[in-house]
Every structure is written in structure tokens, then in C-alpha cells.
Amino acid sequence: GSELRRPLVEPTGAIIFGKVLYGGVKRFRLLGAKKRRVGEQTAIKATRKDDVPCWILFGGSDRKYECLDMGSAAVLEISVLPKGMKTSSILESGNGRMMYHVGFCLVGR
């Protein structure tokens, strides 16, 4: 399946709450200079009745989602930052040109 073009990252100290709204995704962190995958988990919501648990991640390292080969998927993320901490706009990347991080993330196949 396809994955996000750029990794998502929040500053150290942030807490990220996530939930699959539909479809299936693999979520993982990217660590080290070679950006190896760690902590890979799969979440699948094939029908409305499926109850997929939420997850909590801590900011600091890059994270990505990869769509499973079963169609599109939607992931909702809510990021909580400590008081006084700032992050880039949800509509801009670091260079201000590209939208790369929104609360509602669609990953297509």
C-alpha cells in the first residue's frame, strides 16, 4: 500500500492520540540516520461495527502511516503540546510550501 510522502513529527513533550476511522493502516516510527522502522503496529476497521482501540504516542521521533492493500484509510490524530511549546502550522511544512500534516489524514492505496 502507499504511505505518507513525508513523516509526521511533533516536538519532544507532545502527546499524540490516534484512531483509525476506516480502512487499515500500519503505523511505525522512523529512528536513526538510516530511518529504520520500529514499533510497527497494524490497525484495521473493515466495518462500522469493528471497534479499533485508540493509541497514544509521544512526540520527538518521526512517524508514518502505510495503507494496507484493502483500499483507502482515514486516521484521526489529536496532538497535545505542553504549555508554551509551539509547532509548525498544521497547514504548512517546515519550508512553508506544502501541506503535510492535518488532524484528519487520508492515506490512499
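Position 1 is the first residue of the sequence, and the numbers go up from there. Small disclaimer: the values here were computed from a predicted structure and weren't measured.
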From [atom1] ([X]) to [atom2] ([Y]), nearest 0.5 Å:
{"X": "Ile16", "Y": "Ile78", "atom1": "CD1", "atom2": "CD1", "result": "11.5 Å"}
{"X": "Leu30", "Y": "Arg36", "atom1": "CG", "atom2": "CZ", "result": "10.5 Å"}
{"X": "Tyr65", "Y": "Phe28", "atom1": "OH", "atom2": "CZ", "result": "10.5 Å"}
{"X": "Thr12", "Y": "Glu10", "atom1": "OG1", "atom2": "CD", "result": "10.5 Å"}
{"X": "Leu8", "Y": "Arg29", "atom1": "CG", "atom2": "CZ", "result": "10.0 Å"}

Report task. Return the set of residues passing salt bridge (charged side-chain N to carboxylate O under 4.0 Å, His left out) with Lys45 (not counting sequence neighbours), or none when no residue passes. Result ->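 Listed in chain order: nothing, the list is empty.
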
Compare every heavy atom of [Y] with every heavy atom of [X], then report the nearest pair and how far apart it is.
{"X": "Leu68", "Y": "Lys26", "result": "CD2-CG, 3.7 Å"}
{"X": "Gly60", "Y": "Val9", "result": "O-CG2, 3.9 Å"}
{"X": "Trp55", "Y": "Ala43", "result": "CZ3-CB, 4.2 Å"}
{"X": "Cys54", "Y": "Lys19", "result": "SG-CD, 3.2 Å"}

Query raised in the report: Can you check whether Val20 reaches Ile44 side chain to side chain, under 4.5 Å on heavy atoms?
Result: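 Sidechains of Ile44 and Val20: no contact.
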
Query raised in the report: Step by step, would you call Lys64 with Lys35 a side-chain contact (heavy atoms from CB on, under 4.5 Å)?
Result: CA-CA 11 Å; Lys64 281 186 122 178; Lys35 299 293 184 185; over 6 Å; no

Query raised in the report: Do Ile56 and Val80 share a hydrophobic cluster, counting only Ile, Leu, Val, Met, Phe, Trp and Tyr and linking them when any side-chain heavy atoms are less than 4.5 Å apart?
Result: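 Yes, Ile56 and Val80 fall within the same hydrophobic cluster.
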
Query raised in the report: Does the pair Arg27/Glu77 count as a salt bridge with the N-to-O cut at 4.0 Å?
Result: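 Result for this pair is no, no salt bridge flagged.
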
